[in-house]
Amino acid sequence: MAVTGNLFILSAPSGAGKSSLISALLKQPSARVMQVSVSHTTRDPRPGEIDGQHYHFVTVEQFKQQIAQKEFYEYAEVFGNYYGTSETAIDAQLAQGIDVFLDIDWQGAQQVRLKKPGVTTIFISPPSKQELENRLRSRGQDSEETIQQRMAQAQAECSHYQEFDYIIINDNFDQALADLTTIVENQRLKRSQQVENHQLLFKDLLAND
Ligand code: 5GP
């Protein structure tokens, strides 16, 4: 029987460095295949974003139809757009033994926790409010109004930090990546995982031959 993959959720306010951390994690050598789930969204693609790779870009009508057909593990409205995680896609990946990472907000995290109590949830925090603001400003793309809006949204996301299993403070990137790797490896070493991974070993160890 194939070993089941682990499910991880990473949530963070925008500007905390979550996307860079996930992509660096996936580039590292790993004992298991790791994939980020590709969400569905009704927001417009940003320059360089590819349909099916960064998101599945759908219309509001399509999204609502998918809700009606119960296709989502979870979905939420974030910044005025819908975002959702497809249930069949995730289950297929987990069944193949793939470790799956969901880059979703706190609302999605709450819904997945109810459906998958074994999920490992990680909150990525900026080292300070000032640093978060600096990072948002250094992108140089947003108006003052947008920056203030993003800061308010960041505060809303941060207000849920107590609901997560792990917290990573992304002050130094390499340290934050090492922390994330430790959390993933820790999960893989849990007894339940090891027993599932090494069924023949434990059968053999206990056999009277
Ligand atoms: P962005 O539009 O910048 O890519 O993402 C905005 C926010 O939506 C981020 O906080 C991201 O984690 C969240 N998000 C992306 N996909 C999903 C999803 O499938 N479900 C939920 N609940 N949030 C998502």
Side-chain angles (χ1 to χ4, degrees), residues 3-26 28 30-41 54-55 71-79 81-127 129 132 153-173 175-194 196-197:
V3 176
T4 313
N6 294 301
L7 186 61
F8 297 91
I9 292 178
L10 285 103
S11 297
S14 88
K18 178 177 55 172
S19 310
S20 313
L21 273 174
I22 299 180
S23 59
L25 176 77
L26 263 58
Q28 295 196 122
S30 161
R32 288 264 192 107
V33 178
M34 300 187 284
Q35 286 177 1
V36 184
S37 151
V38 180
S39 294
H40 287 71
T41 185
H54 295 92
Y55 281 105
E71 284 182 26
F72 293 123
Y73 244 139
E74 62 76 33
Y75 67 91
E77 197 180 332
V78 188
F79 310 151
N81 294 299
Y82 285 111
Y83 293 83
T85 307
S86 153
E87 180 147 4
T88 38
I90 304 295
D91 283 346
Q93 286 169 308
L94 292 173
Q96 288 173 57
I98 296 170
D99 279 357
V100 180
F101 295 81
L102 305 184
D103 170 348
I104 62 178
D105 82 327
W106 64 271
Q107 304 174 80
Q110 284 189 348
Q111 296 170 50
V112 175
R113 255 186 227 106
L114 292 175
K115 290 194 177 165
K116 285 253 170 198
V119 64
T120 303
T121 60
I122 306 163
F123 182 77
I124 301 178
S125 170
K129 208 170 180 177
L132 182 68
Q153 281 151 354
Q155 195 173 32
E157 186 76 39
C158 289
S159 71
H160 293 271
Y161 73 94
Q162 304 224 34
E163 296 165 21
F164 290 79
D165 300 320
Y166 294 95
I167 295 179
I168 295 175
I169 312 289
N170 188 10
D171 189 3
N172 171 290
F173 185 82
Q175 183 58 53
L177 179 59
D179 291 347
L180 181 55
T181 309
T182 302
I183 294 167
V184 172
E185 286 175 354
N186 177 56
Q187 182 59 27
R188 290 176 184 162
L189 291 172
K190 283 198 171 155
R191 174 174 45 81
S192 54
Q193 287 278 309
Q194 291 286 61
E196 202 183 332
N197 271 329

Visitor: Taking side chain as C-beta onward, heavy atoms only, is Lys129 less than 4.5 Å from Gln155?
Guide: yes

Visitor: Around Tyr55, counting heavy atoms of other residues, nucleotides and ligands shown, do more than 12 lie under 6.0 Å from its OH?
Guide: yes

Visitor: Mind checking whether His160 and Trp106 have parallel, tilted or perpendicular rings, split at 30° and 60°?
Guide: parallel

Visitor: Counting only N and O atoms by type, is there a donor-acceptor contact under 3.5 Å from the side chain of Asn170 to the main-chain atoms of Ala176?
Guide: no

Visitor: For the atom pair CD1 (Ile98) and OG (Ser37), what is the distance rounded to the nearest 0.5 Å?
Guide: 11.5 Å

Visitor: Which atom names give the shortest non-hydrogen contact between Met34 and Gln28, and what distance separates them?
Guide: CE-O, 4.4 Å

Visitor: Would you say the side chain of Phe173 lies within less than 4.5 Å of the side chain of Ser20, judging by non-hydrogen atoms?
Guide: yes

Visitor: I need the minimum non-hydrogen distance between Ile169 and Pro126, along with the two atoms involved.
Guide: CG2-O, 4.2 Å

Visitor: Kindly state whether the ring of His40 and the ring of Tyr75 have centres lying under 6.0 angstrom apart.
Guide: no

Visitor: With Tyr166, which of Thr120, Asn186, Thr121 fulfils side chain to side chain donor-acceptor pair (under 3.5 Å)?
Guide: Asn186

Visitor: Report yes if some heavy atom in the side chain of Gln111 is under 4.5 Å from a heavy atom in the side chain of Ile104; otherwise report no.
Guide: no

Visitor: A side-chain contact here means heavy atoms from C-beta on lying under 4.5 Å apart; do Arg32 and Val3 qualify?
Guide: yes

Visitor: At their closest point, which heavy atom of Gln175 faces which heavy atom of Asn172, and how far apart are they?
Guide: N-OD1, 2.8 Å

Visitor: Flag the pair Leu94 / Lys116 as yes when at least one side-chain heavy-atom distance between them is below 4.5 Å, and no otherwise.
Guide: yes

Visitor: Show the numbers, then the answer: is there a side-chain contact (heavy atoms from CB on, under 4.5 Å) between Leu26 and Val36?
Guide: CA-CA 8 Å; Leu26 263 58; Val36 184; 3.4 Å; yes

Visitor: Between Glu71 and Thr88, is there a side-chain heavy-atom distance shorter than 4.5 Å?
Guide: no

Visitor: Is Glu196 reaching over with its side chain to a backbone N or O of Thr4, donor-acceptor style, under 3.5 angstrom?
Guide: yes

Visitor: Rounded to the nearest 0.5 Å, what separation is found between the CZ atom of Phe101 and the CG atom of Leu7?
Guide: 9.5 Å

Visitor: If you compare all heavy atoms of Ala12 against all heavy atoms of Phe123, which two are closest, and at what distance to 0.1 Å?
Guide: CA-CE1, 4.2 Å

Visitor: By salt bridge (Lys or Arg N to Asp or Glu O under 4.0 Å), which residues pair with Asp105, not counting sequence neighbours?
Guide: none

Visitor: Are Leu10 and Leu180 close enough that some pair of their side-chain heavy atoms sits under 4.5 Å apart?
Guide: yes

Visitor: Measuring from Ser86:OG to Tyr73:OH, what's the distance to the nearest 0.5 Å?
Guide: 9.5 Å

Visitor: Would you compute the distance between atom CG of Asp179 and atom CD1 of Ile167 and round it to the nearest 0.5 angstrom?
Guide: 12.0 Å

Visitor: Working to the nearest 0.5 angstrom, can you tell me the gap between Thr182 OG1 and Leu177 CG?
Guide: 9.5 Å

Visitor: Of all heavy-atom pairs between Leu132 and Gly15, which one has the smallest distance, and what is that distance?
Guide: CD1-C, 3.7 Å

Visitor: List the atom of Gln110, the atom of Glu163, and the distance in Å for their closest heavy-atom pair.
Guide: NE2-OE1, 3.1 Å

Visitor: Looking only at atom types and distance, does a side-chain atom of Asn6 sit under 3.5 Å from a main-chain N or O of Asp99, one as donor and one as acceptor?
Guide: no

Visitor: Does the side chain of Gln193 come under 3.5 Å of the side chain of Gln187 through a donor N or O and an acceptor N or O?
Guide: no

Visitor: With rounding to the nearest 0.5 Å, note down the distance linking OH in Tyr83 to CG in Asp103.
Guide: 10.0 Å

